[in-house]
There are 2 protein chains.
Amino acid sequence: MIIRCELEPGARFTEHELVEVFGVSRTPLREALKILASEGLVEMRPHRGSTVARISPKEIAQTFDVLGALEELAGPLICDRVSNVDIARLDQITTEMSSKRDAADRNSYFELNISFHQSMIGLSGNAVLLNTYNQLFAKLQRARYMVNDDQNRWSESAKEHAWIMDALRQRDGAELSRRLKEHNTRTAQAILAKLDA
Amino acid sequence: MIIRCELEPGARFTEHELVEVFGVSRTPLREALKILASEGLVEMRPHRGSTVARISPKEIAQTFDVLGALEELAGPLICDRVSNVDIARLDQITTEMSSKRDAADRNSYFELNISFHQSMIGLSGNAVLLNTYNQLFAKLQRARYMVNDDQNRWSESAKEHAWIMDALRQRDGAELSRRLKEHNTRTAQAILAKLDA
DNA sequence: TCGTCAATTATTGCATACAAAATTACATTG
DNA sequence: CAATGTAATTTTGTATGCAATAATTGACGA
(Lines give C-alpha, C1' and ligand atoms only; values in the text may rest on other atoms or scores of the structure.)
Protein backbone atom coordinates (compact mmCIF):
# COMPACT_ATOMS: atom_id res chain seq x y z
CA MET A 1 0.00 0.00 0.00
CA ILE A 2 2.87 2.36 0.73
CA ILE A 3 4.70 1.51 -2.47
CA ARG A 4 1.52 1.91 -4.48
CA CYS A 5 0.90 5.26 -2.81
CA GLU A 6 -2.42 4.00 -1.51
CA LEU A 7 -1.09 5.34 1.76
CA GLU A 8 0.00 8.89 1.14
CA PRO A 9 3.56 9.87 2.08
CA GLY A 10 3.51 11.75 5.35
CA ALA A 11 0.18 10.26 6.41
CA ARG A 12 -0.02 9.83 10.17
CA PHE A 13 -1.63 6.84 11.86
CA THR A 14 -1.72 5.11 15.23
CA GLU A 15 -1.45 1.40 15.79
CA HIS A 16 -5.06 1.38 16.90
CA GLU A 17 -6.21 2.78 13.56
CA LEU A 18 -4.34 0.15 11.58
CA VAL A 19 -5.71 -2.58 13.81
CA GLU A 20 -9.17 -1.58 12.68
CA VAL A 21 -8.16 -1.28 9.03
CA PHE A 22 -6.52 -4.69 8.81
CA GLY A 23 -8.58 -6.55 11.36
CA VAL A 24 -5.62 -7.99 13.24
CA SER A 25 -4.43 -7.37 16.75
CA ARG A 26 -1.61 -5.09 17.73
CA THR A 27 1.00 -7.81 18.18
CA PRO A 28 1.43 -8.90 14.54
CA LEU A 29 0.76 -5.37 13.39
CA ARG A 30 3.64 -4.02 15.45
CA GLU A 31 5.95 -6.69 14.11
CA ALA A 32 5.12 -5.65 10.58
CA LEU A 33 5.47 -1.97 11.39
CA LYS A 34 8.91 -2.46 12.90
CA ILE A 35 10.09 -4.21 9.77
CA LEU A 36 8.71 -1.44 7.57
CA ALA A 37 10.44 1.07 9.82
CA SER A 38 13.74 -0.78 9.54
CA GLU A 39 13.32 -0.67 5.77
CA GLY A 40 12.70 3.06 5.90
CA LEU A 41 9.13 2.99 4.61
CA VAL A 42 7.58 3.97 7.92
CA GLU A 43 8.80 6.35 10.61
CA MET A 44 7.86 5.43 14.14
CA ARG A 45 7.81 8.22 16.69
CA PRO A 46 6.72 6.80 20.04
CA HIS A 47 3.59 8.38 21.49
CA ARG A 48 3.16 10.63 18.49
CA GLY A 49 1.89 8.10 16.01
CA SER A 50 3.77 6.63 13.08
CA THR A 51 3.93 8.18 9.65
CA VAL A 52 4.41 6.93 6.13
CA ALA A 53 7.95 8.02 5.26
CA ARG A 54 8.10 11.01 3.00
CA ILE A 55 10.33 10.77 -0.04
CA SER A 56 11.93 13.98 -1.24
CA PRO A 57 13.19 14.74 -4.76
CA LYS A 58 16.64 14.93 -3.21
CA GLU A 59 16.35 11.42 -1.83
CA ILE A 60 15.02 10.16 -5.14
CA ALA A 61 17.98 11.65 -6.95
CA GLN A 62 20.41 10.18 -4.44
CA THR A 63 18.81 6.77 -4.74
CA PHE A 64 19.14 6.86 -8.52
CA ASP A 65 22.80 7.74 -8.11
CA VAL A 66 23.41 4.72 -5.93
CA LEU A 67 21.49 2.47 -8.32
CA GLY A 68 23.63 3.80 -11.12
CA ALA A 69 26.80 2.81 -9.29
CA LEU A 70 25.42 -0.67 -8.68
CA GLU A 71 24.50 -1.09 -12.35
CA GLU A 72 27.98 -0.01 -13.30
CA LEU A 73 29.41 -2.74 -11.12
CA ALA A 74 26.98 -5.26 -12.54
CA GLY A 75 27.73 -4.69 -16.25
CA PRO A 76 30.95 -6.71 -16.62
CA LEU A 77 29.79 -9.35 -14.13
CA ILE A 78 26.66 -9.92 -16.16
CA CYS A 79 28.48 -10.25 -19.47
CA ASP A 80 30.84 -12.79 -17.95
CA ARG A 81 28.02 -15.12 -17.07
CA VAL A 82 25.03 -14.48 -19.27
CA SER A 83 23.71 -17.39 -21.36
CA ASN A 84 21.61 -17.31 -24.50
CA VAL A 85 18.70 -18.61 -22.49
CA ASP A 86 19.03 -15.68 -20.11
CA ILE A 87 19.01 -13.28 -23.02
CA ALA A 88 15.93 -14.94 -24.47
CA ARG A 89 14.13 -14.51 -21.17
CA LEU A 90 14.97 -10.84 -21.03
CA ASP A 91 13.84 -10.43 -24.63
CA GLN A 92 10.55 -11.98 -23.72
CA ILE A 93 10.08 -9.52 -20.89
CA THR A 94 10.66 -6.59 -23.21
CA THR A 95 8.15 -8.03 -25.66
CA GLU A 96 5.54 -8.34 -22.96
CA MET A 97 6.30 -4.81 -21.85
CA SER A 98 5.46 -3.51 -25.30
CA SER A 99 2.11 -5.22 -25.28
CA LYS A 100 1.28 -3.94 -21.81
CA ARG A 101 2.33 -0.49 -22.91
CA ASP A 102 0.01 -0.65 -25.91
CA ALA A 103 -2.79 -1.79 -23.62
CA ALA A 104 -1.92 1.06 -21.24
CA ASP A 105 -1.90 -1.52 -18.45
CA ARG A 106 0.12 0.47 -15.98
CA ASN A 107 0.39 -2.03 -13.15
CA SER A 108 1.51 -4.88 -15.37
CA TYR A 109 3.92 -2.60 -17.16
CA PHE A 110 5.48 -1.54 -13.86
CA GLU A 111 5.83 -5.11 -12.71
CA LEU A 112 7.50 -6.14 -15.92
CA ASN A 113 9.83 -3.18 -15.65
CA ILE A 114 10.84 -4.31 -12.18
CA SER A 115 11.27 -7.79 -13.53
CA PHE A 116 13.50 -6.62 -16.36
CA HIS A 117 15.86 -4.69 -14.14
CA GLN A 118 16.01 -7.21 -11.35
CA SER A 119 16.55 -10.11 -13.74
CA MET A 120 19.32 -8.15 -15.38
CA ILE A 121 21.13 -7.41 -12.13
CA GLY A 122 20.51 -10.95 -10.92
CA LEU A 123 22.60 -12.21 -13.83
CA SER A 124 25.63 -10.67 -12.13
CA GLY A 125 25.65 -13.67 -9.81
CA ASN A 126 26.29 -11.35 -6.87
CA ALA A 127 23.44 -11.94 -4.43
CA VAL A 128 24.42 -9.07 -2.16
CA LEU A 129 24.40 -6.73 -5.11
CA LEU A 130 20.98 -7.96 -6.21
CA ASN A 131 19.58 -7.62 -2.74
CA THR A 132 20.85 -4.09 -2.27
CA TYR A 133 19.60 -3.17 -5.72
CA ASN A 134 16.14 -4.56 -5.08
CA GLN A 135 15.68 -2.67 -1.84
CA LEU A 136 16.57 0.63 -3.43
CA PHE A 137 14.54 -0.08 -6.55
CA ALA A 138 11.50 -0.83 -4.43
CA LYS A 139 11.77 2.52 -2.70
CA LEU A 140 11.78 4.28 -6.05
CA GLN A 141 8.70 2.41 -7.13
CA ARG A 142 6.73 4.85 -5.00
CA ALA A 143 8.11 7.73 -7.00
CA ARG A 144 7.14 5.99 -10.23
CA TYR A 145 3.58 5.59 -9.03
CA MET A 146 3.47 9.21 -7.95
CA VAL A 147 4.51 10.67 -11.27
CA ASN A 148 2.64 8.12 -13.38
CA ASP A 149 5.04 8.68 -16.23
CA ASP A 150 3.50 9.04 -19.64
CA GLN A 151 3.47 6.85 -22.74
CA ASN A 152 6.04 9.13 -24.27
CA ARG A 153 8.60 8.18 -21.66
CA TRP A 154 7.49 4.56 -21.86
CA SER A 155 8.38 4.33 -25.54
CA GLU A 156 11.72 6.07 -24.98
CA SER A 157 12.37 3.63 -22.21
CA ALA A 158 11.60 0.70 -24.49
CA LYS A 159 14.19 1.93 -26.98
CA GLU A 160 16.74 2.20 -24.22
CA HIS A 161 15.98 -1.33 -23.10
CA ALA A 162 16.58 -2.59 -26.64
CA TRP A 163 19.81 -0.60 -26.74
CA ILE A 164 20.86 -2.21 -23.47
CA MET A 165 20.02 -5.67 -24.80
CA ASP A 166 22.28 -5.06 -27.80
CA ALA A 167 25.27 -4.48 -25.53
CA LEU A 168 24.33 -7.58 -23.60
CA ARG A 169 24.15 -9.71 -26.74
CA GLN A 170 27.65 -8.55 -27.62
CA ARG A 171 28.86 -9.41 -24.14
CA ASP A 172 30.44 -5.97 -23.92
CA GLY A 173 30.57 -5.40 -20.18
CA ALA A 174 31.91 -1.87 -20.20
CA GLU A 175 29.37 -0.80 -22.80
CA LEU A 176 26.55 -2.52 -20.91
CA SER A 177 27.57 -0.54 -17.82
CA ARG A 178 27.45 2.71 -19.73
CA ARG A 179 24.06 2.00 -21.25
CA LEU A 180 22.52 0.87 -17.99
CA LYS A 181 23.81 4.02 -16.37
CA GLU A 182 22.55 6.21 -19.19
CA HIS A 183 19.09 4.64 -18.95
CA ASN A 184 19.21 5.18 -15.22
CA THR A 185 20.06 8.85 -15.63
CA ARG A 186 17.30 9.45 -18.15
CA THR A 187 14.70 7.74 -16.04
CA ALA A 188 15.78 9.82 -13.06
CA GLN A 189 15.48 13.02 -15.06
CA ALA A 190 12.05 12.09 -16.37
CA ILE A 191 10.74 11.33 -12.91
CA LEU A 192 12.30 14.36 -11.25
CA ALA A 193 11.01 16.67 -13.98
CA LYS A 194 7.48 15.33 -13.62
CA LEU A 195 7.73 15.61 -9.88
CA ASP A 196 8.60 19.28 -10.21
CA ALA A 197 5.46 19.94 -12.21
CA MET B 1 26.17 -10.05 19.99
CA ILE B 2 25.86 -11.37 16.45
CA ILE B 3 28.23 -8.80 15.00
CA ARG B 4 30.76 -9.46 17.74
CA CYS B 5 30.45 -13.19 17.09
CA GLU B 6 29.37 -13.72 20.68
CA LEU B 7 26.59 -15.67 19.02
CA GLU B 8 28.19 -18.11 16.66
CA PRO B 9 27.10 -18.09 13.00
CA GLY B 10 24.73 -20.96 12.40
CA ALA B 11 23.77 -21.23 16.06
CA ARG B 12 20.18 -22.37 16.47
CA PHE B 13 17.84 -21.04 19.11
CA THR B 14 14.14 -20.87 19.90
CA GLU B 15 12.29 -17.82 21.08
CA HIS B 16 11.85 -19.48 24.43
CA GLU B 17 15.60 -19.79 24.91
CA LEU B 18 16.22 -16.15 24.14
CA VAL B 19 13.41 -15.13 26.47
CA GLU B 20 15.37 -16.75 29.28
CA VAL B 21 18.68 -15.29 28.17
CA PHE B 22 17.45 -11.72 27.94
CA GLY B 23 14.77 -11.78 30.59
CA VAL B 24 12.06 -10.22 28.44
CA SER B 25 8.83 -11.66 27.16
CA ARG B 26 8.29 -13.03 23.71
CA THR B 27 6.53 -9.96 22.35
CA PRO B 28 9.45 -7.50 22.33
CA LEU B 29 11.83 -10.33 21.57
CA ARG B 30 9.93 -11.25 18.44
CA GLU B 31 9.86 -7.65 17.29
CA ALA B 32 13.64 -7.51 17.61
CA LEU B 33 14.09 -10.85 15.87
CA LYS B 34 11.98 -9.80 12.92
CA ILE B 35 14.09 -6.70 12.44
CA LEU B 36 17.29 -8.72 12.61
CA ALA B 37 15.79 -11.14 10.11
CA SER B 38 14.88 -8.30 7.75
CA GLU B 39 18.48 -7.10 8.03
CA GLY B 40 19.74 -10.56 7.20
CA LEU B 41 21.49 -11.24 10.50
CA VAL B 42 19.00 -13.88 11.61
CA GLU B 43 17.16 -16.51 9.64
CA MET B 44 13.72 -17.42 10.90
CA ARG B 45 12.35 -20.80 9.96
CA PRO B 46 8.94 -21.24 11.53
CA HIS B 47 8.66 -24.19 13.89
CA ARG B 48 12.26 -25.16 13.39
CA GLY B 49 13.91 -22.47 15.46
CA SER B 50 15.78 -19.43 14.21
CA THR B 51 19.47 -19.41 13.43
CA VAL B 52 22.20 -16.83 13.42
CA ALA B 53 22.81 -16.20 9.73
CA ARG B 54 25.91 -17.85 8.39
CA ILE B 55 28.25 -15.71 6.37
CA SER B 56 30.19 -17.47 3.65
CA PRO B 57 33.49 -16.37 2.09
CA LYS B 58 31.54 -15.92 -1.12
CA GLU B 59 29.11 -13.54 0.51
CA ILE B 60 31.97 -11.65 2.13
CA ALA B 61 33.65 -11.25 -1.22
CA GLN B 62 30.42 -10.10 -2.84
CA THR B 63 29.81 -7.59 -0.09
CA PHE B 64 33.28 -6.14 -0.53
CA ASP B 65 32.58 -5.81 -4.24
CA VAL B 66 29.45 -3.79 -3.61
CA LEU B 67 31.22 -1.62 -1.04
CA GLY B 68 33.90 -0.99 -3.62
CA ALA B 69 31.35 0.25 -6.13
CA LEU B 70 29.84 2.55 -3.54
CA GLU B 71 33.24 3.97 -2.64
CA GLU B 72 33.91 4.58 -6.28
CA LEU B 73 30.73 6.59 -6.53
CA ALA B 74 31.61 8.48 -3.37
CA GLY B 75 35.10 9.66 -4.38
CA PRO B 76 34.22 12.61 -6.63
CA LEU B 77 31.21 13.56 -4.51
CA ILE B 78 33.43 13.76 -1.44
CA CYS B 79 36.07 15.91 -3.12
CA ASP B 80 33.42 18.33 -4.31
CA ARG B 81 32.29 19.06 -0.79
CA VAL B 82 35.04 18.32 1.68
CA SER B 83 36.22 21.17 3.93
CA ASN B 84 39.51 21.58 5.74
CA VAL B 85 37.68 20.97 9.00
CA ASP B 86 36.42 17.66 7.66
CA ILE B 87 39.93 16.67 6.71
CA ALA B 88 41.24 17.61 10.14
CA ARG B 89 38.61 15.39 11.74
CA LEU B 90 39.59 12.44 9.60
CA ASP B 91 43.25 13.06 10.38
CA GLN B 92 42.42 12.95 14.04
CA ILE B 93 40.72 9.60 13.64
CA THR B 94 43.76 8.14 11.93
CA THR B 95 45.96 9.46 14.73
CA GLU B 96 43.77 7.83 17.33
CA MET B 97 43.81 4.63 15.34
CA SER B 98 47.60 4.54 15.53
CA SER B 99 47.55 4.86 19.29
CA LYS B 100 44.93 2.15 19.67
CA ARG B 101 46.93 -0.02 17.37
CA ASP B 102 50.05 0.44 19.50
CA ALA B 103 47.99 -0.37 22.57
CA ALA B 104 46.60 -3.43 20.76
CA ASP B 105 43.14 -2.24 21.80
CA ARG B 106 41.20 -4.23 19.27
CA ASN B 107 37.69 -3.06 20.04
CA SER B 108 38.58 0.63 20.01
CA TYR B 109 40.60 0.14 16.85
CA PHE B 110 37.66 -1.49 15.11
CA GLU B 111 35.32 1.28 16.17
CA LEU B 112 37.68 3.95 14.90
CA ASN B 113 38.04 2.08 11.63
CA ILE B 114 34.27 2.08 11.24
CA SER B 115 34.28 5.75 12.10
CA PHE B 116 36.93 6.55 9.51
CA HIS B 117 35.12 4.84 6.67
CA GLN B 118 31.67 6.03 7.55
CA SER B 119 32.82 9.60 8.07
CA MET B 120 34.54 9.48 4.72
CA ILE B 121 31.48 8.22 2.86
CA GLY B 122 29.26 10.61 4.80
CA LEU B 123 31.18 13.49 3.24
CA SER B 124 29.62 12.55 -0.08
CA GLY B 125 26.45 14.28 1.09
CA ASN B 126 24.41 11.38 -0.27
CA ALA B 127 22.42 10.01 2.67
CA VAL B 128 21.12 7.02 0.74
CA LEU B 129 24.64 6.09 -0.20
CA LEU B 130 25.83 6.42 3.39
CA ASN B 131 22.96 4.34 4.66
CA THR B 132 23.51 1.55 2.18
CA TYR B 133 27.21 1.62 2.89
CA ASN B 134 26.72 1.41 6.64
CA GLN B 135 24.45 -1.59 6.44
CA LEU B 136 26.88 -3.55 4.32
CA PHE B 137 29.87 -2.45 6.38
CA ALA B 138 28.15 -3.63 9.54
CA LYS B 139 27.64 -7.09 8.09
CA LEU B 140 31.33 -7.33 7.31
CA GLN B 141 32.21 -6.38 10.85
CA ARG B 142 31.38 -9.95 11.82
CA ALA B 143 34.00 -11.21 9.41
CA ARG B 144 36.55 -8.81 10.87
CA TYR B 145 35.89 -10.13 14.34
CA MET B 146 36.14 -13.69 13.10
CA VAL B 147 39.54 -13.33 11.50
CA ASN B 148 40.95 -10.96 14.13
CA ASP B 149 43.39 -9.59 11.61
CA ASP B 150 46.93 -9.12 12.78
CA GLN B 151 49.06 -6.07 13.56
CA ASN B 152 50.81 -6.59 10.28
CA ARG B 153 47.65 -5.88 8.33
CA TRP B 154 46.81 -3.06 10.72
CA SER B 155 49.98 -1.20 9.87
CA GLU B 156 49.50 -1.76 6.15
CA SER B 157 46.00 -0.48 6.54
CA ALA B 158 47.27 2.65 8.29
CA LYS B 159 49.55 3.39 5.35
CA GLU B 160 46.64 2.99 2.96
CA HIS B 161 44.55 5.37 5.03
CA ALA B 162 47.32 7.97 4.85
CA TRP B 163 47.53 7.38 1.11
CA ILE B 164 43.78 7.90 0.82
CA MET B 165 43.98 11.10 2.85
CA ASP B 166 46.58 12.46 0.45
CA ALA B 167 44.19 12.12 -2.46
CA LEU B 168 41.50 13.77 -0.38
CA ARG B 169 43.73 16.72 0.48
CA GLN B 170 44.36 17.23 -3.21
CA ARG B 171 40.63 17.06 -3.91
CA ASP B 172 41.32 14.55 -6.66
CA GLY B 173 38.02 12.70 -6.89
CA ALA B 174 39.03 10.09 -9.44
CA GLU B 175 42.21 9.30 -7.57
CA LEU B 176 40.35 9.12 -4.27
CA SER B 177 38.00 6.59 -5.85
CA ARG B 178 40.89 4.47 -7.02
CA ARG B 179 42.61 4.50 -3.66
CA LEU B 180 39.47 3.72 -1.71
CA LYS B 181 38.83 0.83 -4.02
CA GLU B 182 42.38 -0.43 -3.75
CA HIS B 183 42.19 -0.31 0.04
CA ASN B 184 38.92 -2.16 -0.16
CA THR B 185 40.39 -4.87 -2.33
CA ARG B 186 43.39 -5.37 -0.07
CA THR B 187 41.28 -5.56 3.04
CA ALA B 188 39.05 -8.12 1.35
CA GLN B 189 42.04 -10.22 0.36
CA ALA B 190 43.51 -10.09 3.86
CA ILE B 191 40.25 -11.18 5.45
CA LEU B 192 39.49 -13.90 2.91
CA ALA B 193 43.02 -15.29 3.16
CA LYS B 194 42.83 -15.47 6.93
CA LEU B 195 39.41 -17.05 6.71
CA ASP B 196 40.84 -19.77 4.51
CA ALA B 197 43.44 -20.64 7.10
C1' DT C 1 -2.16 37.54 27.33
C1' DC C 2 1.34 34.50 28.45
C1' DG C 3 3.54 30.97 30.96
C1' DT C 4 3.57 27.21 34.23
C1' DC C 5 1.88 23.29 36.39
C1' DA C 6 -1.33 19.60 37.12
C1' DA C 7 -4.73 16.42 35.40
C1' DT C 8 -6.35 13.95 31.68
C1' DT C 9 -5.96 11.45 27.59
C1' DA C 10 -3.69 9.13 23.92
C1' DT C 11 -0.32 6.01 22.68
C1' DT C 12 2.75 2.72 23.31
C1' DG C 13 5.71 -1.28 25.69
C1' DC C 14 5.47 -5.55 27.61
C1' DA C 15 3.70 -9.82 29.75
C1' DT C 16 0.71 -13.55 29.50
C1' DA C 17 -2.47 -16.96 27.70
C1' DC C 18 -4.51 -19.61 24.26
C1' DA C 19 -4.86 -21.69 19.76
C1' DA C 20 -2.89 -23.31 15.59
C1' DA C 21 0.67 -25.21 12.96
C1' DA C 22 4.53 -28.01 12.10
C1' DT C 23 7.89 -31.12 13.61
C1' DT C 24 9.26 -35.21 15.88
C1' DA C 25 8.72 -39.67 17.90
C1' DC C 26 6.60 -43.82 17.82
C1' DA C 27 3.95 -47.62 16.66
C1' DT C 28 1.97 -50.36 13.16
C1' DT C 29 1.77 -52.61 8.77
C1' DG C 30 3.40 -54.54 4.54
C1' DC D 1 13.49 -53.28 7.49
C1' DA D 2 11.16 -49.61 5.17
C1' DA D 3 7.21 -46.91 4.89
C1' DT D 4 3.24 -44.79 6.54
C1' DG D 5 -0.02 -42.98 9.59
C1' DT D 6 -0.95 -41.13 14.19
C1' DA D 7 -0.11 -39.15 18.60
C1' DA D 8 2.68 -36.20 21.37
C1' DT D 9 5.56 -32.40 21.67
C1' DT D 10 7.65 -28.34 20.24
C1' DT D 11 7.37 -24.00 18.35
C1' DT D 12 5.15 -20.39 16.75
C1' DG D 13 1.12 -16.84 15.66
C1' DT D 14 -2.17 -13.95 17.61
C1' DA D 15 -5.26 -11.70 20.95
C1' DT D 16 -5.86 -9.29 25.09
C1' DG D 17 -4.97 -6.67 29.25
C1' DC D 18 -2.32 -3.86 32.22
C1' DA D 19 1.13 -0.56 33.21
C1' DA D 20 4.10 3.14 31.89
C1' DT D 21 5.18 6.94 29.27
C1' DA D 22 4.58 11.01 26.76
C1' DA D 23 1.52 14.35 24.75
C1' DT D 24 -2.33 17.33 25.31
C1' DT D 25 -5.61 19.96 27.57
C1' DG D 26 -7.17 23.18 30.83
C1' DA D 27 -6.91 25.95 34.87
C1' DC D 28 -4.64 29.18 37.50
C1' DG D 29 -1.63 32.98 38.53
C1' DA D 30 1.36 36.73 37.16
Side-chain angles (χ1 to χ4, degrees), chain A residues 1-56 59 111 114 127-128 130-132 134-135 138-139 141-142 146, chain B residues 1-56 59 111 127-128 130-131 134-135 138-139 141-142 146:
Chain A
M1 289 175 71
I2 292 176
I3 284 178
R4 290 184 195 153
C5 286
E6 289 164 27
L7 284 175
E8 209 172 344
R12 177 187 174 278
F13 52 86
T14 66
E15 294 175 2
H16 182 67
E17 286 167 18
L18 291 186
V19 160
E20 302 220 325
V21 171
F22 294 110
V24 297
S25 73
R26 279 181 56 220
T27 303
L29 186 93
R30 279 172 59 85
E31 291 176 358
L33 268 186
K34 292 240 171 181
I35 293 173
L36 290 176
S38 87
E39 288 172 352
L41 289 177
V42 161
E43 287 172 11
M44 297 183 81
R45 289 176 311 173
H47 300 279
R48 280 194 281 180
S50 299
T51 56
V52 176
R54 293 175 191 280
I55 182 165
S56 64
E59 191 179 349
E111 277 176 29
I114 295 175
V128 177
L130 177 61
N131 218 53
T132 307
N134 284 353
Q135 271 191 35
K139 286 185 87 170
Q141 204 57 21
R142 280 211 292 171
M146 280 196 285
Chain B
M1 289 175 71
I2 292 176
I3 285 177
R4 291 185 195 153
C5 287
E6 288 164 27
L7 284 176
E8 209 173 343
R12 178 185 174 277
F13 52 85
T14 66
E15 295 174 1
H16 182 68
E17 286 166 17
L18 291 186
V19 159
E20 301 219 324
V21 171
F22 293 113
V24 297
S25 74
R26 279 181 57 220
T27 303
L29 185 93
R30 279 172 59 85
E31 290 175 358
L33 268 187
K34 292 240 170 179
I35 293 172
L36 291 176
S38 86
E39 289 172 351
L41 290 177
V42 161
E43 286 171 12
M44 296 182 82
R45 289 176 312 173
H47 300 280
R48 282 195 280 181
S50 299
T51 56
V52 176
R54 293 176 191 278
I55 182 167
S56 64
E59 190 179 350
E111 277 177 28
V128 177
L130 177 61
N131 218 53
N134 284 352
Q135 270 190 35
K139 286 184 85 169
Q141 203 58 23
R142 278 211 293 171
M146 282 194 284

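Throughout, protein chains are lettered first and strands after them, A, B, ... in sequence-line order, and every chain is numbered starting at 1.
At C:dC14, none of the side-chain N or O atoms of B:Thr27 fall inside 4.0 Å of OP1 or OP2 (strictly under the cut-off). Taking 4.0 angstrom as the limit, A:Ser25 places a side-chain polar atom (N or O) nearer than this to OP1 or OP2 of D:dA15.
Put simply, the residue from A:Glu15, A:His16, A:Lys34 that forms a side-chain contact (heavy atoms from CB on, under 4.5 Å) with A:Leu29 is A:Glu15.
If you measure from atom CZ of A:Arg12 to atom P of C:dA10, you get 12 Å, rounded to the nearest angstrom. Between A:Leu33 atom CG and C:dT12 atom P the separation is 9 Å, expressed in whole Å. One interatomic measurement links the two molecules: CD of A:Glu43 to P of C:dT11, which rounds to 18 Å at whole-angstrom precision. What separates CZ of B:Arg30 from P of D:dT11 is a distance of 14 Å, to the nearest Å. Distance, B:Arg48 CZ to C:dA21 P: 17 Å, rounded to whole Å. To the nearest angstrom, P of C:dT12 lies 12 Å from CD of B:Glu31. With rounding to whole Å, B:Glu15 atom CD is found 15 Å from C:dC14 atom P. The distance from atom NE2 of A:His47 to atom P of C:dT9 is 18 Å, rounded to the nearest whole Å.
Across all strands shown, B:Arg26 has heavy atoms under 4.0 Å from base atoms, whether or not it also approaches the sugar-phosphate.
Looking at A:Thr14, its side chain has no donor and acceptor atom pair within 3.5 Å of the base of C:dT12.
To the nearest 0.5 angstrom, A:Ile2 atom CD1 is 14.0 Å from A:Gln141 atom CD.
With respect to the salt-bridge test (charged N to carboxylate O, under 4.0 angstrom), the residues A:Arg54 and A:Glu43 do not qualify. The pair B:Lys139-B:Glu39 does not count as a salt bridge, with every side-chain nitrogen at least 4.0 angstrom from each carboxylate oxygen.
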